[in-house]
Amino acid sequence: MCLRVLIVARHWIDELADKLYDAMTRRSKSIVVFNGGLSVSGLQHVGRLRGEVIIPEVLRRILEKRGLKVKQYLTLYTQDSWKAKEAQVERFKEGGEKYAGWPLIRVPDPAGCHSNWVEHYWSDFGPFIKEFTDGKIEVVTTTELYKSRLKEFTKLVLESREKVRSVLNKYRGRKPYEEGWIPFEPICEKCGRIDTTECTRIVDEEHVEYTCRNCGHVGLSLIESGKLMWRIEWVGVWWSLGVDFEPFGKDHAMPGGSRDSCVDLAVNVFNITPPEGLPYEWVEWRTPDGRVVDMGSSDFLGFTPRDWLEVAHPHIFRFLVLRTPPMKKLSVSLHEVPQYYSLYYKAERIYYGLEKASSEEERELLARSYELSYPHGDPPLSQPEQVPYLHLAILAQVVPREKWSSEGLARLKASGHLSDQPTEYGLKRILEILVKAHTWVEKYGPSEMRVELIPLTVAEKIAREVTSPLSEHFRELYERLRALSNWREEDIKEAFIVVTSKLGGESNIKLFYTHLYRVLTGKESGPRAAPLLALIGRDLSLKYLSLIAKSNV
RNA sequence: GGGCCCGUAGCUCAGCCAGGUAGAGCGGCGGGCUUUUAACCCGUAGGUCCCGGGUUCGAAUCCCGGCGGGCCCGCCA
């Protein structure tokens with residue numbers, strides 16, 4: 001037996017989980033509740049996965065392993081008003097301005113394929129949550145909540161409106177709410193706005209009377225059709241779902257900000273224990289032209305979980321989130337996906353003990369982030385095969401899609417990337433990356449990564465341009481390659497070295513390769529010759545080479 | 001007016017919470033291998049740790065005060 005006296009390095013999320021475990025246990029509830037919140041104001045970018053979905057999910061799973069029962073919600077703020085920001089209005093071919101101030105849920109889908117604005121933009125995010133997490137997250141909307149628990153809460157608010165007012169006014173030095181203020185915002189039945197109505201009278205338990213500052217309409221509204229102002233609504237969500245933990249973006253974290261006033265209301269008016277919080281920094285987007293901007297929903301800046309999954313595993317994004325402490329900036333771009341894979345592979349090797357980290361802290365950060373990067377279950381028992389993303393990007397282009405699982409894998413074995421007895425998970429991952437990397441090259445890859453073998457008939461014409469001293473050498477290359485007993489990268493390279501060493505001079509070697517690439521791809525350069533020929537296979541390689549070898553005889 | 005993150009090699013950053021002779025990767029330079037998958041191997045140069053005080057035997061690290069950059073809040077959500 002030995003006592004652990006050394007202070008071991010810990011991952012930030014484990015330290016957080018420790019604190020949360022204590023706080024949750026003190027609440028002595030049979031099931032504790034985690035929540036996240038999103039306003040569906042436009043592009044549902046991946047940045048929103050960070051604080052509202054992935055971080056609480058990982059914490060939940062750690063606490064569940066320690067025996068706690070945790071219910072995780074994600075609340076969509078669908079009653080919020082549509083701000084008519086430029087980027088939002090532009091979504092509509094014309095006339096988008098007329099929806100200014102409408103509740104998001106009532107704004108039509110500009111593309112016309114979903115029943116409203118929320119449904120449309122949520123479709124790039126919602127269905128993919130289960131790919132990025134274990135899927136045990138219940139999505140609720142404030143629109144639904146106002147018909148049930150939030151409606152009860154609204155009644156409570158109206159009853160204690162004077163207390164609510166006095167608390168909120170502590171945070172409103174310049175524009176205090178006046179006596180008699182009724183904290184409810186109905187939807188104007190005439191112009192549709194939710195941001196211009198003012199309650200003038202409580203009619204009965206279920207109805208209020210309002211005036212619309214926009215159109216002047218005076219009407220009656222049910223208290224389930226409208227919303228509470230933000231600072232009250234957030235408390236209402238805590239109250240309705242019984243929230244015990246909820247992270248929040250840095251914008252809510254300021255002293256005297258919404259978080260502070262909500263805690264005040266929770267404790268002093270509604271007599272509930274406010275949830276534990278966690279401020280987090282937003283996710284930045286490195287745009288294709290090299291700028292760095294905060295991702296933004298209503299400004300339509302960034303890319304969606306759907307976009308991510310087209311070109312990369314959810315593991316990689318989880319890894320990036322976990323590797324970065326919550327209050328630090330995290331920048332991502334789709335162009336850098338291949339680098340993210342090599343970072344991830346490094347962490348993977350450290351996790352399986354195949355590579356040493358430079359410090360114990362680094363080891364813990366990377367290995368633990370890797371371990372928690374699996375959306376479902378744990379990492380496999382042994383190290384999966386790692387094939388560089390860019391290598392698979394090339395392979396995916398030179399081998400027809402329907403042959404990836406046969407030819408493709410055979411070539412990876414031939415090139416030594418795969419053993420004869422590959423792991424099941426490694427194989428699965430490679431086949432998945434082939435699909436993703438192929439899409440990546442098309443959508444985000446640099447042009448020099450794009451390889452397409454040109455048709456043999458075209459190649460034949462180009463081959464005729466090879467001048468005779470060079471065709472001599474191409475003939476030799478052809479013969480040497482034809483004689484190879486194994487179509488292996490190493491042997492192919494050997495043949496190239498033998499032939500090119502006879503060319504006498506760098507400029508001739510350059511010319512030689514230029515011709516080769518022009519015949520193969522129509523361009524003057526391409527991926528390294530030996531691996532490329534190894535990838536495209538013996539028969540096809542020899543067909544192309546014979547075209548050059550036979551020309552200008 | 002308030003808050004957060006940051007300031008360490010040319011670049012990107014680690015190290016700071018628990019003080020003990022300044023680190024990594026990329027880039028540079030020299031060499032090797034190789035036409036070119038953002039590749040690999042060997043060697044090498046390069047730093048007033050933003051500034052000023054304080055605590056200490058000892059400070060990049062802790063405390064106080066500045067400066068610079070980025071972001072957020074100021075009663076919207």
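A note on names: the letters A, B, ... follow the listed sequences, proteins ahead of strands, and every chain is numbered from 1.
Against the 90° criterion about 0, the sugar-base torsion of B:rU21 places it in the anti range.
The gap from the P atom of B:rU44 to that of B:rG25 amounts to 13 Å, rounded to the nearest Å.
When distances are taken from the side chain of A:E233 to each of B:rA77, B:rC71, B:rC5, the shortest belongs to B:rA77. Comparing B:rA38, B:rA77, B:rC71 by their nearest atom to the side chain of A:K250 picks out B:rC71. Distances were taken from every side-chain heavy atom of A:W230 (C-beta onward) to each of B:rA38, B:rC76, B:rA77; the shortest belongs to B:rA77. Here B:rC76 is the nucleotide among B:rU35, B:rC5, B:rC76 with the atom lying nearest to any side-chain atom of A:K83. Of the listed nucleotides (B:rA38, B:rC76, B:rU37), B:rU37 has the atom at the smallest distance from the side chain of A:H391. Minimum atom distance to the side chain of A:I394 is reached by B:rU37, of the listed B:rU37, B:rA38, B:rC76. In this structure, of B:rC76, B:rU35, B:rC72, it is B:rU35 that holds the atom nearest to the side chain of A:Y513. Of the candidate nucleotides B:rU35, B:rC76, B:rC72, B:rC72 has the atom nearest to the side chain of A:D251. With distances taken from any side-chain atom of A:K328 to the nucleotides B:rA77, B:rU37, B:rC5, the minimum falls on B:rC5.
OP1 or OP2 of B:rC76 has at least one side-chain nitrogen or oxygen of A:R172 nearer than 4.0 Å.
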Item checked: From CA spacing to verdict: salt bridge (charged side-chain N to carboxylate O under 4.0 Å, His left out), A:K328, A:E281 -> CA-CA 6 Å; A:K328 285 215 182 193; A:E281 173 64 90; over 6 Å; no
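Here the options are A:R50, A:E284, A:R48, A:H45, the test is side chain to side chain contact (heavy atoms under 4.5 Å, CB included), and the partner is A:M295; only A:H45 passes.
A residue-by-residue look at A:A253 and A:H335 shows that A:A253 has its nearest nucleotide of RNA chain B further toward the 5' end. For A:K227 and A:Y517, each mapped to the nucleotide of RNA chain B holding its nearest heavy atom, the one lying further toward the 5' end belongs to A:Y517.
Between A:W102 and A:Y99, the ring planes are perpendicular. Angles over 60° get that label, and only those under 30° would be called parallel.
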